[in-house]
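Whatever order the structure lists them in is the order used to number ligands and atoms, beginning at 1. Since the structure is predicted, the reported quantities are computational estimates derived from the model, not experimental observations.
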Amino acid sequence: MEIKTCAVIGAGTMGSGIVQVAASTACLDVIMNDIADEFVDKGFNAIVKNLDRLASRGKLTVAQKDEILGRIKKSTNIEDIKDADFVVEAATEKLDFKLNIFKDLDKTCKTGVILATNTSSLPITKIAAATERPELVIGMHFFNPVPVMKLVEVINGMATSKETFETTCKLAEQFGKTPVEANDSPGFISNRILMPMINEAIYALYEGVGTEEAIDNVMKLGTNHPMGPLELADLIGLDVCLNIMEVLYSSFNDSKYRPCPLLKKYVDAGYLGRKTGKGFFNYRRK
Ligand code: CAA
């Protein structure tokens, strides 16, 4: 099936980034769906801001910007995606929530349409089993900020077909990304490695091994990371980091994945990182 229209479910940071690359790099028509106008508008405005920045740097003409935005259709009704040729779900990282979404997508979408999930750690096999088309369900894990990061981790569930995998990899390339295959194991490859590193950095802070600045500077200057682990945790969202650590901890039943109590404390306090203006660093304007 030729993919002309892609639907993206969830217009948050990841969803809006995926919509942007689908409409700009891949030149697809995109349906941007979320449960309320305010979420869709917020995601759409983030894309406008990104394209404005590119236009102001001469990387995009105003006509090209308008063309890209013209390919995006805002939606709050799941029925709007019934003619989509490919779906990427990027909604809240809660398993029950995702299972319900996939049941709805399965009922609404045309036969043969691939349903991909941008989950960062939840089991693809379980999400697929909520549908009548498990061979067409796959993990398509993007990285934040989506327009910049080159990777898409592609995760096969137990029933995912070879054709679904190949079509998804091809689409990831159309999005300007490099697909890398991972198996359906908690955290896949990326978060199996990244999150324990971030969690360990938080333990180092908790135990007074170094200050926030010292921990991040060591990793930036000593190991060439573009961002230190604490700044990166703030970018990802501390609630998201905690959620992924809890998935690793409960899935492997191994104490090496226990989330740091300081991470839990920050989440309890509502210090979730950049999105709330405060995490390990302060982002509030003075
Ligand atoms: N949206 C779009 N473009 C953005 C952007 C955003 N949010 N943030 C930065 N950019 C663009 C800038 O416009 C700039 O573009 P040009 O080169 O064309 O001018 C480019 O990225 C570089 O930006 P800056 O010069 O402002 O800043 P920088 O060089 O410090 O790079 C960064 C910023 C790309 C975010 C870099 O610090 C970085 O790579 N950090 C690590 C990010 C990372 O590891 N992400 C993965 C997180 S894990 C995840 O997402 C998955 C999960 O499951 C948790």
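Looking only at protein heavy atoms, the nearest one to atom 2 (C) of ligand 1 is R53 NH2, 3.3 Å. With hydrogens left out, the protein atom closest to atom 7 (N) of ligand 1 is P145 CB, 3.4 Å, a heavy atom. What sits closest to atom 44 (O) of ligand 1 on the protein, heavy atoms only, is L232 CD1, 3.5 Å. The shortest contact between atom 49 (C) of ligand 1 and any protein heavy atom is with F143 CD2, 3.5 Å. For atom 9 (C) of ligand 1, the closest non-hydrogen atom of the protein is V148 CG2, 4.2 Å. Closest protein heavy atom to atom 37 (O) of ligand 1: M227 CG, 3.6 Å.
Counting heavy atoms closer than 4.0 Å to ligand 1, residue M14 contributes nothing at all. With a heavy-atom cut-off of 4.0 Å, V240 does not touch ligand 1 at all.
The closest approach between any non-hydrogen atom of I236 and ligand 1 is below 4.0 Å. Using a 4.0 angstrom heavy-atom cutoff, K59 counts as in contact with ligand 1.
In this structure, atom 40 (N) of ligand 1 has a protein heavy-atom contact shorter than 4.0 Å. Distances from atom 32 (C) of ligand 1 to the protein include no heavy-atom value under 4.0 Å. For atom 25 (O) of ligand 1, no protein heavy-atom neighbour is present inside the 4.0 Å cut-off. When distances from atom 16 (P) of ligand 1 to the protein are checked, a heavy atom turns up under 4.0 Å. Contact annotation for atom 46 (C) of ligand 1: protein present (non-hydrogen atoms, distance under 4.0 Å). Distance check on atom 29 (O) of ligand 1: every protein heavy atom falls at or beyond the 4.0 Å cut-off.
A salt bridge does not link E166 to K170: none of the charged nitrogens lies less than 4.0 Å from a carboxylate oxygen. Ion pairing of D85 with K110 is present here, as a side-chain N (NZ or NE/NH1/NH2) and a carboxylate O approach within less than 4.0 Å. With respect to D41 and K74, a salt bridge is recorded, a charged nitrogen being found less than 4.0 Å from a carboxylate O. Ion pairing between a basic and an acidic side chain is recognised when a charged N comes within 4.0 Å of a carboxylate O; E93 and K98 show such pairing. Contact check on D34 versus K42 returns no salt bridge, with no Lys/Arg side-chain nitrogen under 4.0 Å from an Asp/Glu carboxylate oxygen. Between E231 and R274 there is a salt bridge, since at least one side-chain N of the basic residue sits less than 4.0 Å from a carboxylate O of the acidic one.
Classification of the Y203-Y206 ring pair by plane angle, with boundaries at 30° and 60°, yields perpendicular.
The heavy atom nearest to atom 36 (C) of ligand 1, considering only G237, P226, C241, G228, is found in P226. When the options E93, R57, H141 are ranked by their closest heavy atom to atom 19 (O) of ligand 1, first place goes to R57. Of the listed options V21, L54, N144, N144 places a heavy atom closest to atom 50 (O) of ligand 1.
Near L194, meaning under 4.0 Å from one of its heavy atoms, ligand 1 places the atoms 48 (S). Heavy-atom proximity to N50, at under 4.0 Å, picks out these atoms of ligand 1: 1 (N), 2 (C).
The side-chain heavy atoms of T25 and F175, taken from C-beta on, include no pair separated by under 4.5 Å. Side-chain atoms of C241 and N199, non-hydrogen and from C-beta on, never get closer than 4.5 Å to each other. Looking only at side-chain heavy atoms (C-beta outward), I215 and F280 stay at 4.5 Å or farther from each other.
A pairwise comparison of heavy atoms in I244 and M195 identifies CG2-CG, 3.5 Å as the closest pair.
S121 and N191 form no side-chain donor-acceptor contact under 3.5 Å, judged by distance and modelled atom types alone.
Exactly one residue among S185, P123, P186 makes a side-chain contact (heavy atoms from CB on, under 4.5 Å) with S251. That residue is P186.
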